[in-house]
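Notes follow once the structure below has been shown.
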Amino acid sequence: MTGDGFEIGGVVLESRLFTGTGKYADDAVIPEVCAASGSQVVTVALRRVDLGSATGNVMDHIPKHMKLLPNTSGARTADEAVRIARLARAMGCGDWIKIEVISDNRYLLPDGYATCKATEILAAEGFVVLPYVNADLYVARSLADAGAAAIMPLGAPIGTNRGLKTREMIRILIEEMDLPVIVDAGIGRPSEACEAMEMGAAACLVNTAIATAGDPVVMARAFGRAVRAGREAYLAGPGVSRGLASASSPLTGFLGGEGA
């Protein structure tokens with residue numbers, strides 16, 4: 001589909017699938033994954049970037065045309081997230097930053113208060129901030145006030161591939177927020193990404209489900225198609241859901257029935 005782009009930070013994106021760079025058995029497959037998915041945005045944990053490495057690093061495998069979205073994975077406080085973001089910009093990774101502040105080691109749930117604090121600081125410094133958060137309307141509104149460019153609610157705890165467990169809360173965010181809602185974390189199957197898009201999500205970010213698939217390239221292609229299909233279905237406007245049956249063709253006027 002063309003002509004259905006959406007804008008974040010002054011950049012118009014045609015693809016509504018963001019991809020990640022973690023958990024691949026071999027980072028060399030990343031260019032094939034990016035190509036198969038059609039994604040234009042790729043996220044990378046700054047702690048995996050070593051521009052001075054003589055043996056190469058994950059950045060060597062990210063296609064040059066991709067929009068880089070470094071994330072603050074590993075940050076446990078707002079101050080740590082801010083330092084990581086500033087370091088990313090100083091390293092030439094651009095002004096886009098995905099804020100992750102996680103101090104919970106069991107479920108890896110994001111800290112909404114610290115995320116808002118980091119977002120406010122970094123947005124004021126000119127960063128395009130995309131915060132990873134729980135699907136919470138009050139936190140989302142605070143992030144919008146703090147200057148976030150989008151809201152990235154989790155579908156399920158990160159890395160679980162459990163799907164849209166926060167489905168109803170995401171629906172409320174989509175309905176209430178003026179910012180793009182990008183579903184992040186938990187999506188395990190293309191059908192779940194399709195459902196998120198059918199609900200009206202602006203985009204989906206998928207990492208683990210692709211990276212840990214038996215064939216990551218084929219799975220990336222499937223996710224790309226699913227996101228496009230879900231978006232088209234949303235734009236088309238699904239038909240009305242009914243409690244009773246409704247014939248798809250007339251029941252009268254045939255074999256002597258009424259009106260024959």
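All of these numbers come straight from a predicted model, not from anything done at the bench.
Between the D136 side chain and the V139 main chain, a donor and an acceptor come within less than 3.5 Å of each other. Checked by atom type and distance alone, the side chain of T160 never pairs as donor or acceptor with a backbone atom of A156 at under 3.5 Å. Under a 3.5 Å cut-off, the side chain of D111 and the backbone N or O of V101 do not form any donor-acceptor pair. Judged purely by atom type and a 3.5 angstrom limit, S15 uses its side chain to pair as donor or acceptor with the backbone of G38. Between the S39 side chain and the L17 main chain, a donor and an acceptor come within less than 3.5 Å of each other. The closest donor-acceptor contact from the side chain of T166 to the backbone of L154 lies under 3.5 Å. A side-chain donor-acceptor contact under 3.5 Å links N134 to the backbone of P110. With E192 contributing its side chain and R189 its backbone, the two residues share a donor-acceptor pair below 3.5 Å.
In terms of hydrophobic clustering, with Ile, Leu, Val, Met, Phe, Trp and Tyr side chains grouped at heavy-atom distances under 4.5 Å, I62 and F18 are assigned to different clusters. Under a hydrophobic-cluster definition in which Ile, Leu, Val, Met, Phe, Trp and Tyr are linked whenever side-chain heavy atoms come within less than 4.5 Å, directly or via other members, Y132 and V183 are assigned to different clusters. Side-chain heavy atoms closer than 4.5 Å link hydrophobic residues (I, L, V, M, F, W, Y) into clusters, and following such links, even through other members, never connects V41 to M66. The hydrophobic clustering, which links ILVMFWY residues whose side-chain heavy atoms are closer than 4.5 Å, places M152 and L137 apart.
With rounding to the nearest 0.5 angstrom, the OG atom of S103 is 10.0 Å from the CD atom of E80. Separation of atoms CG (D145) and SG (C116) is listed at 9.0 Å; rounding is to 0.5 Å.
A salt bridge is absent between R231 and E198: the closest approach of a Lys/Arg side-chain nitrogen to an acidic carboxylate oxygen does not fall below 4.0 angstrom. With respect to the salt-bridge test (charged N to carboxylate O, under 4.0 angstrom), the residues R228 and E232 do not qualify.
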- Message: Show, in sequence, the C-alpha distance, side-chain angles and deciding distance for N71 and T43, and conclude whether the side-chain hydrogen bond (donor to acceptor under 3.5 Å, both in side chains) test is met.
- Response: CA-CA 7 Å; N71 65 61; T43 185; 3.1 Å; yes
- Query: Between L143 and Y138, does a side chain to side chain contact (heavy atoms under 4.5 Å, CB included) hold up when you go through it step by step?
  - Reply: CA-CA 9 Å; L143 288 166; Y138 293 99; over 6 Å; no
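With sequence neighbours left out, the side-chain hydrogen bond (donor to acceptor under 3.5 Å, both in side chains) criterion links R221 to no other residue.
Considering V12, V11, T19, L13 in turn, L13 is the only one that fulfils the side-chain contact (heavy atoms from CB on, under 4.5 Å) rule with Q40.
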